[in-house]
> 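I'd like to ask some things about the structure below.
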Amino acid sequence: MTRAFITGIGGQDGGYLAERLLAEGVEVHALAHEQEPLPEAPGVELHSGDLTRVEEVRALLLDLAPDEVYNLAAISSVARSWGQPDLTAQVNGTAAVALMESALQVQEKRGSRVRLVQASSAEIFGQPDVTPQDESTTIRPVNPYGAAKAYAHLSADVYRGRDLHVVSAILYNHESPRRPATFVTRKITSTVAALATGWDGRLTLGNLDARRDWGWAPDYVDALVRAARADVPGDFVIATGVGHSVRDFAAAAFRRAGIDDWEGLVDSDPGLVRPADPSELVGDASRAREHLGWAPTVDFEELVGRMVDADLGR
Ligand code: NAP
Ligand code: GDP
């Protein structure tokens, strides 16, 4: 039986990944971080810990000797990374690389292949010169989150050089009803649902012109599993290839909720505009299509619709 180890189990992707692996009959172990809210995934064996406590995590990994390791733990909010750049560097950067070293030690100890997937991010490209971006796009992050993810991303290649199967999955924004409202998509859908059900307030956003490539989170989790099991490890952009602005997202959400005259309900607060914010991140996932047989299954309108419906249902 395949044994997997997941970090970041309490997050959006961790829950979907655990459900997916359990359904396949995989034995799932996970690092449970402090007060992290845990998914409803009976069957996951939880081990409390913190990714930055490198020696403890290494001892745990050597003990479990998993076949697949999925590193999803992160300070995943760019906005938060500006306030905690040092912690972001530790969790998203050095601790991720330490996990690669631990996986290599497991592989050497047990004498058979360990497969590690690192959740990288489009933010490693910062303010790119080209759209869409692919695996060859220049790495030039513009915020502490992207810089820390870039360090782990580059280290994946270092560990491939040491014969570890490490995939760096360059994930573009992916969303679901499980996304916290600290991210713009869920902030929009939860506020629109409140407005549609009688709340007398306003939707206050920052940069309405930023363009992102938003996909459906379970599709991206599917890509992570395919990447772990690929014949040859490498870097893979995981994206839909279609960009929309924050304004487009708001418009689609209001449409779904049946509110036509929405523009007067939205404000842009300069205080919510970031010190540096990529204006357009859209990915070309051709390599993942070709080598992993991966493709997104949910388009933009459907994604927004599912999130709005879930918030109306709440
Ligand atoms: P998420 O919901 O924020 O989940 C991340 C999890 O990591 C949280 O449950 C968090 O627990 C945990 N964590 C933080 N610090 C930790 C530590 N020191 N030790 C152990 N666990 C720790 O993120 P997500 O949306 O599922 O994303 C999964 C991964 O994909 C992340 O690495 C993210 O950066 C990357 N990614 C996501 C997107 C996206 O659009 N979702 C795009 C690109 C890349 P606490 O709450 O206790 O801190
Ligand atoms: P990110 O791409 O991982 O940083 O995901 P977010 O959902 O936090 O932000 C996506 C884009 O929406 C960025 O360009 C933000 O600047 C922009 N944005 C505009 N208004 C808001 C807001 O009120 N909250 C957040 N989180 N982002 C906003």
Side-chain angles (χ1 to χ4, degrees), residues 6-18 30-39 47-54 56-57 70-82 84 87-88 90-92 94-96 99 117-124 127 142-143 145-146 148-149 152-153 168-176 178-188 191 203-217 220-221 223-224 237-239 244-250 266-281 283:
I6 303 174
T7 72
I9 185 72
Q12 171 187 253
D13 294 1
Y16 284 121
L17 178 60
L31 191 70
H33 185 225
E34 294 170 354
Q35 304 305 315
E36 192 177 20
L38 296 170
H47 306 267
S48 59
D50 184 312
L51 193 67
T52 62
R53 293 205 294 269
V54 167
E56 286 175 31
V57 175
Y70 297 90
N71 186 33
L72 309 182
I75 305 298
S76 70
S77 153
V78 171
R80 186 175 164 201
S81 82
W82 283 108
Q84 293 180 294
L87 181 64
T88 303
Q90 280 176 46
V91 181
N92 299 9
T94 52
L99 192 69
V117 179
Q118 163 64 17
S120 189
S121 164
E123 289 283 347
I124 65 173
Q127 189 68 271
V142 294
N143 53 53
Y145 171 85
K149 286 282 184 186
H153 171 79
S168 184
I170 307 169
L171 306 173
Y172 281 65
N173 297 49
H174 49 279
E175 317 294 318
S176 75
R178 299 183 189 179
R179 191 75 145 148
T182 42
F183 291 88
V184 75
T185 53
R186 185 73 200 295
K187 179 175 175 179
I188 292 171
T191 308
L203 174 59
T204 304
L205 298 169
N207 179 5
L208 288 162
D209 297 318
R211 296 179 68 83
R212 292 291 182 273
D213 178 336
W214 282 292
W216 175 238
Y220 289 57
V221 160
L224 299 180
V237 161
I238 308 298
H244 289 93
S245 67
V246 171
R247 184 179 282 99
D248 293 339
F249 197 105
V266 178
D267 298 319
S268 177
D269 174 356
L272 293 177
V273 176
R274 296 177 183 174
D277 195 25
S279 52
E280 180 160 35
L281 289 173

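Since this is a predicted model, take the numbers as computed values, not measurements. Atoms within each ligand, like the ligands themselves, are counted from 1 in listed order.
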> Indicate yes or no: does R212 engage D277 in a salt bridge with an N to O separation below 4.0 Å.
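Salt bridge: yes.
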> Is T7 reaching over with its side chain to a backbone N or O of A73, donor-acceptor style, under 3.5 angstrom?
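Yes, T7 side chain to A73 backbone: donor-acceptor pair under 3.5 Å.
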> Would you please determine whether H174 falls within less than 4.0 Å of ligand 1 on a heavy-atom basis?
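Flag set, H174 near ligand 1.
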> In terms of atom number and element, which parts of ligand 2 are under 4.0 angstrom from non-hydrogen atoms of K187?
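That gives atoms 22 (C), 23 (O) of ligand 2.
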> Short N/O distance, under 3.5 Å, between L31 and ligand 1?
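Among all N and O atoms of L31, none is under 3.5 Å from an N or O of ligand 1.
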> Fit a plane to each ring of W216 and Y16, take the angle between them on a 0 to 90° scale, and name the class: parallel (under 30°), tilted (30 to 60°) or perpendicular (over 60°).
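The rings of W216 and Y16 sit tilted, inter-plane angle from 30° to 60°.
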> For D248 and R211: C-alpha separation, side-chain torsions, deciding distance, then whether side-chain contact (heavy atoms from CB on, under 4.5 Å) applies.
CA-CA 9 Å; D248 293 339; R211 296 179 68 83; 4.0 Å; yes
> If we only count N/O pairs under 3.5 Å, is W214 in contact with ligand 2?
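There is no such contact.
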> For ligand 2, does L205 get within less than 4.0 Å through its side chain, its backbone, both, or neither, judged by non-hydrogen atoms?
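The part of L205 near ligand 2 is both the backbone and the side chain.
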> Can you list the atoms of ligand 1 that are under 4.0 Å from a heavy atom of S76?
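Per the distance check, 1 (P), 3 (O), 23 (O), 33 (C), 34 (O).
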> In the protein, which heavy atom is nearest to atom 4 (O) of ligand 2, and how far is it?
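Looking only at protein heavy atoms, the one closest to atom 4 (O) of ligand 2 is R274 NH1, 2.6 Å.
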> Show the atoms of ligand 2 that are less than 4.0 angstrom away from any heavy atom in N173.
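What qualifies from ligand 2 is 1 (P), 2 (O), 3 (O), 5 (O).
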> Find all atoms of ligand 1 within a distance of less than 4.0 Å from any non-hydrogen atom belonging to N173, and give their numbers and elements.
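Here the atoms of ligand 1 in question are 40 (O).
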> Among protein heavy atoms, which lies nearest atom 7 (O) of ligand 2, and at what distance?
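For atom 7 (O) of ligand 2, the nearest protein heavy atom is V184 N, 2.8 Å.
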> Taking atom 28 (C) of ligand 1 as the point of reference, which of D13, I170, T7 owns the nearest heavy atom?
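Shortest heavy-atom distance from atom 28 (C) of ligand 1: D13.
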> How close do S245 and L208 get, heavy atom to heavy atom, and via which atoms?
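Minimum heavy-atom contact is CB-O, 3.8 Å.
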> Polar contacts were defined as any N/O atom of the residue lying under 3.5 Å from an N/O atom of the ligand; does this apply to N71 and ligand 1?
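The answer is no, given that N71 and ligand 1 share no N or O pair closer than 3.5 Å.
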> Measure the distances from the heavy atoms of Q90 to every atom of ligand 1 and state whether one is below 4.0 angstrom.
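Flag not set, Q90 not near ligand 1.
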> For T204 and L272, work out which heavy atoms get closest and say how close.
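It is O-CD1, 3.6 Å.
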> Going by heavy atoms, is A95 under 4.0 Å from ligand 1?
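No; A95 lies far enough from ligand 1 that no heavy-atom distance drops under 4.0 Å.
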> Assess the residue pair L205 and K187 against the criterion (side-chain contact (heavy atoms from CB on, under 4.5 Å)); give the C-alpha distance rounded to whole Å, side-chain angles, the decisive distance to 0.1 Å, and a yes or no.
CA-CA 9 Å; L205 298 169; K187 179 175 175 179; 4.1 Å; yes
> If you look at every heavy atom in S121 and K149, which pair is closest and at what distance?
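In terms of heavy atoms, the two residues are closest at CB-CG, 4.3 Å.
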> So which bit of V91 gets within less than 4.0 Å of ligand 1, heavy atoms only: side chain, backbone, both or neither?
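Side chain only; the backbone of V91 stays clear of ligand 1.
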> Using atom types as modelled and distance alone, determine if a side-chain donor or acceptor of E56 lies under 3.5 Å from a backbone N or O of D50.
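No; zero donor-acceptor contacts below 3.5 Å.
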> Which atom names give the shortest non-hydrogen contact between V91 and L51, and what distance separates them?
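Heavy atoms only, the tightest pair is O-CD2, 3.9 Å.
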> Note the single closest protein heavy atom to atom 20 (N) of ligand 2, along with its residue, its atom name and the distance in Å.
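The answer is G206 N, 2.8 Å.
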> Numbering the atoms of ligand 1 from 1, which are under 4.0 Å from a heavy atom of S120?
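Counting from 1, the qualifying ligand atoms are 43 (C), 44 (C).
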> Nearest to atom 14 (O) of ligand 2, what protein heavy atom do you find, and at what distance?
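Nearest neighbour among protein heavy atoms for atom 14 (O) of ligand 2, to 0.1 Å: D277 OD2, 2.7 Å.
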> Can you find an N or O of R80 that's nearer than 3.5 Å to an N or O of ligand 1?
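Checking ligand 1 against R80, no N or O pair falls under 3.5 Å apart.
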> If you measure from each non-hydrogen atom of E123 to ligand 1, which part falls under 4.0 Å: side chain, backbone, both or neither?
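Under 4.0 Å from ligand 1, E123 contributes no heavy atoms.
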> In Å and rounded to the nearest 0.5 Å, what is the OG1 to CG distance from T94 to L99?
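Interatomic distance, T94 OG1 to L99 CG, rounded to 0.5 Å: 11.5 Å.
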> Report yes if some N/O of T52 lies less than 3.5 Å from some N/O of ligand 1; otherwise report no.
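By distance alone, the answer is no.
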> Would K149 count as a contact of ligand 1 if the rule is a heavy atom under 4.0 Å away?
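Heavy atoms of K149 do come under 4.0 Å of ligand 1.
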> Could you pull out, from W214, Y220, Y145, the option with a heavy atom nearest to atom 36 (N) of ligand 1?
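Shortest heavy-atom distance from atom 36 (N) of ligand 1: Y145.
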> Counting only nitrogen or oxygen atoms and a 3.5 angstrom limit, does G11 reach ligand 1?
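Right, the criterion is met.
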> Check the pair R179, H174 against side-chain contact (heavy atoms from CB on, under 4.5 Å), reporting the backbone distance first and the verdict last.
CA-CA 9 Å; R179 191 75 145 148; H174 49 279; over 6 Å; no
> May I ask you to decide if A96's main-chain N or O and N71's side chain share a donor-acceptor pair within less than 3.5 Å?
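Flag not set: sc N71 to bb A96 has no pair under 3.5 Å.
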> Measure across G49 and L31 and return the closest heavy-atom pair with its distance rounded to 0.1 Å.
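Taking every non-hydrogen atom into account, CA-CD1, 3.8 Å.
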> How long is the straight-line distance from CG of D209 back to CD of E280, given to the nearest 0.5 Å?
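Rounded to the nearest 0.5 Å, the CD-CG separation comes to 11.5 Å.
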> Within the 4.0 Å heavy-atom shell around V78, which atoms of ligand 2 are there?
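Counting from 1, the qualifying ligand atoms are 4 (O).
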> Can you tell me how far CD1 of I170 sits from CD1 of I238, rounded to the nearest 0.5 angstrom?
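Reported to 0.5 Å precision, the distance equals 8.5 Å.
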> For ligand 2, which part of T182 has a heavy atom less than 4.0 Å away: the side chain, the backbone, both, or neither?
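Under 4.0 Å from ligand 2, T182 contributes backbone atoms alone.
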> Please could you name the atoms of ligand 2 that V246 approaches to less than 4.0 Å, counting only its heavy atoms?
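Reading through ligand 2 atom by atom, the close ones are 12 (O), 17 (C).
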> Looking at non-hydrogen atoms alone, which of L87, I124, L72, L171 comes nearest to atom 29 (C) of ligand 1?
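Closest candidate by heavy-atom distance is L72.
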> Just to be sure I'm reading this right: ignoring hydrogens, which of E175, Q118, H33, R179 gets closest to atom 21 (N) of ligand 1? Compare them by their nearest heavy atoms.
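Result: the heavy atom closest to atom 21 (N) of ligand 1 is in H33.
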> Heavy-atom contacts with A210 under 4.0 Å: which atoms of ligand 2 show up? List them by number with element.
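It comes down to these atoms of ligand 2: 14 (O).
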> Can you see which heavy atom on Q12 is nearest to which on S176, and at what distance?
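Heavy-atom minimum between the residues: OE1-OG, 2.9 Å.
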